[in-house]
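Counting starts at 1 for both ligands and their atoms, following the listed order.
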Amino acid sequence: METKRKEPRKSLRIKVISMGNAEVGKSCIIKRYCEKRFVPKYLATIGIDYGVTKVQVRDREIKVNIFDMAGHPFFYEVRNEFYKDTQGVILVYDVGQKDSFDALDSWLAEMKQELGPHGNMENIVFVVCANKIDCTKLRSVDESEGRLWAESRGFLYFETSAQSGEGINEMFQTFYSAIVDLCDNGGKRPTASMSISFTKEQADTIRRIRSSKDSWDMLGVKPGATRDEVNKAYRKLAVLLHPDKCMAPGSEDAFKAVVNARTALLKNIK
Ligand code: GTP
Ligand code: MG
C-alpha cells in the first residue's frame with residue numbers, strides 16, 4: 001500500500017545553455033545528442049532555440065531545458081536575458097578556428113556581466129567542447145591547450161565531433177551527472193570531483209612558454225643573460241614543470257621546450 005512504498009526521489013528540472021562563437025557547432029552538438037543526426041548545411045540560430053528533453057542520470061530522470069544561443073554578436077540583445085538561473089553551460093569552440101577559442105573568455109565575461117554583481121558563476125557546471133575534431137587537417141588549437149584552459153578554471157573538457165558523434169554522449173553524460181551532483185550538494189559545485197591537479201602558477205607558466213617569442217623569452221631572462229642566469233631560470237622552471245610533478249595538460253611539451261631553449265642559449269654563451 002501507499003504507506004509502505006518508498007518515496008520516489010524528487011524529479012529534477014535543470015536549465016542548460018550553449019555558448020560560443022557563431023558556426024562552431026553548438027546547435028549540431030545538441031542535435032547530435034537529442035536526434036542522433038547531423039546536418040552539414042549551416043543554419044544560423046536566430047536569437048535562441050529552446051527545447052526540452054528527458055535524460056536518465058543514474059537512477060534519476062532529469063528534465064532538461066536547453067537554451068541554444070546564437071553566437072553571432074547581432075543577437076546579443078536577445079541572448080542576454082537567458083543567462084540567469086542556469087545550472088550548466090556548454091561552451092563550444094571550433095578546433096580549426098583559433099579565434100573561437102580565444103573568444104571563450106569574452107563569452108564568460110558576457111555571462112558574468114549579465115548575471116550582475118550578485119550572480120554566482122562558481123556554482124554552475126561548465127563543459128568545454130573542442131568541436132569539429134573530425135577535421136584533423138585544419139586543427140589550430142591542440143588538445144593540451146584547450147584542456148589547460150578548461151581545467152585550470154575547474155571546467156570539464158571534451159573533444160567532440162557533432163559530425164561523427166565522437167565524444168558527444170560521453171560529454172553529455174558527464175555534464176548532466178555533474179549537474180545532478182551539484183543539485184544534490186545544495187547547489188554548490190562539489191569540490192572533490194572537480195578538484196584541479198595543478199596550480200595556477202603551473203598553468204600560467206605553460207601558457208607563457210607556449211606564447212614566448214624566443215629562447216630568452218621562454219626562460220624569462222633578458223637577451224644577453226649570463227650562463228648563471230640562464231641556469232638559474234632553467235632550474236626554477238624545471239622544478240615547476242617536471243612531468244613527474246606537474247599534472248597540467250601540456251606540461252611535458254613545455255618542459256621539453258624549456259630544456260631545448262636552455263641548450264640553445266648555453267651553446268652561444270661563452
Ligand atoms: P550559430 O547558431 O550561428 O551560433 O552557430 P552554431 O554554433 O550553432 O553552429 P552550427 O551547429 O549551426 O554548425 C555550424 C556549421 O558547422 C554547420 O555547417 C555544421 O554542419 C558544421 N559543423 C558543426 N559541428 C561540426 C563537426 O563536428 N564537424 C564538422 N566537420 N562540421 C561541423
Ligand atoms: Mg546554432
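Interface of Phe38 with ligand 1, defined as ligand atoms under 4.0 Å from a residue heavy atom, comprises 20 (O), 22 (N), 23 (C), 24 (N), 25 (C), 31 (N), 32 (C). Distances below 4.0 Å separate heavy atoms of Val24 from the following atoms of ligand 1: 7 (O), 9 (O). Of all atoms in ligand 1, numbered sequentially from 1 with element shown, those under 4.0 Å from a heavy atom of Ser161 are 27 (O). Below 4.0 Å from some heavy atom of Asn131 lie the following atoms of ligand 1, by number and element: 24 (N), 25 (C), 27 (O). Every atom of ligand 1 is numbered from 1 in the order shown, and the set under 4.0 Å from a heavy atom of Gly71 is 1 (P), 4 (O). Residue-ligand proximity, Val39 to ligand 1, at heavy-atom distances under 4.0 Å covers atoms 19 (C), 20 (O). The Asn21 neighbourhood of ligand 1 comprises atoms 7 (O), with distances under 4.0 Å to a heavy atom of that residue. The atoms of ligand 1 that sit less than 4.0 Å from any heavy atom of Ala70 are 4 (O).
Formation of a donor-acceptor pair under 3.5 Å by the Arg208 side chain with backbone atoms of Asp217 is found in this model. Side-chain atoms of Asn131 come within 3.5 Å of backbone atoms of Val24 as a donor-acceptor pair (strictly under, hydrogens ignored). In this structure, the side chain of Lys26 engages the main chain of Asn21 through a donor-acceptor pair within 3.5 Å. One N or O on the side chain of Gln202 and one on the backbone of Leu240 form a donor-acceptor pair closer than 3.5 Å. Listed for the Lys15 side chain is a donor-acceptor partner under 3.5 Å among the backbone atoms of Lys84. A donor-acceptor pair under 3.5 Å links the side-chain atoms of Arg153 to the main chain of Trp149, judged by distance alone. Listed for the Arg79 side chain is no donor-acceptor partner under 3.5 Å among the backbone atoms of Ile48.
With distances taken over non-hydrogen atoms, the option nearest atom 29 (C) of ligand 1 out of Ile30, Ile168, Ile29, Asp134 is Asp134. By heavy-atom distance, the residue among Lys132, Gln163, Lys41 lying nearest atom 15 (C) of ligand 1 is Lys132.
Counted by atom type alone, Arg32 and Thr160 present zero donor-acceptor pairs between their side chains at under 3.5 Å. The closest side-chain donor-acceptor pair between Asp228 and Thr226, if any, does not fall under 3.5 angstrom. Counting only N and O atoms by type, the side chains of Ser27 and Asp68 include a donor and acceptor under 3.5 Å apart. Residues Tyr83 and Gln113 bring no donor and acceptor atom of their side chains to less than 3.5 Å of each other.
In summary, Ser27 places an N/O/S atom under 2.8 Å from the Mg ion (ligand 2), meeting the contact criterion. Between the Mg ion (ligand 2) and Thr45 there is an N/O/S contact shorter than 2.8 Å.
Taking the charged nitrogens against the carboxylate oxygens, Asp49 and Lys31 have no contact shorter than 4.0 Å, which rules out a salt bridge. Between Asp94 and Lys132 a salt bridge is recorded (basic side-chain N to carboxylate O distance below 4.0 Å).
In terms of polar-atom proximity, defined here as any N/O pair under 3.5 Å, Asp68 makes no such contact with ligand 1. Every N/O-N/O distance between Cys135 and ligand 1 stays at or above 3.5 Å. Residue Tyr42 has at least one N or O atom closer than 3.5 Å to an N or O atom of ligand 1. Residue Cys28 places at least one N or O, backbone or side chain, under 3.5 Å from an N or O of ligand 1.
Residue Phe155 is tested with Phe175, Trp107, Phe126 for a ring-ring contact (aromatic ring centres under 6.0 Å, His included); the sole match is Phe126.
At a heavy-atom distance under 4.0 Å, atoms from both the backbone and the side chain of Ala162 approach ligand 1. Residue Pro40 touches ligand 1 through its backbone alone, judged by heavy-atom distances below 4.0 Å.
Protein heavy atom in closest approach to atom 5 (O) of ligand 1: Glu23 N, 2.9 Å. Ranking protein heavy atoms by distance to atom 7 (O) of ligand 1, first place goes to Lys26 NZ, 2.7 Å. Distance from atom 13 (O) of ligand 1 to its nearest protein heavy atom, with residue and atom name: Gly25 CA, 3.6 Å. The protein atom (non-hydrogen) at minimum distance from atom 2 (O) of ligand 1 is Thr45 OG1, 2.8 Å.
The shortest heavy-atom distance from Gly20 to ligand 1 is not under 4.0 Å.
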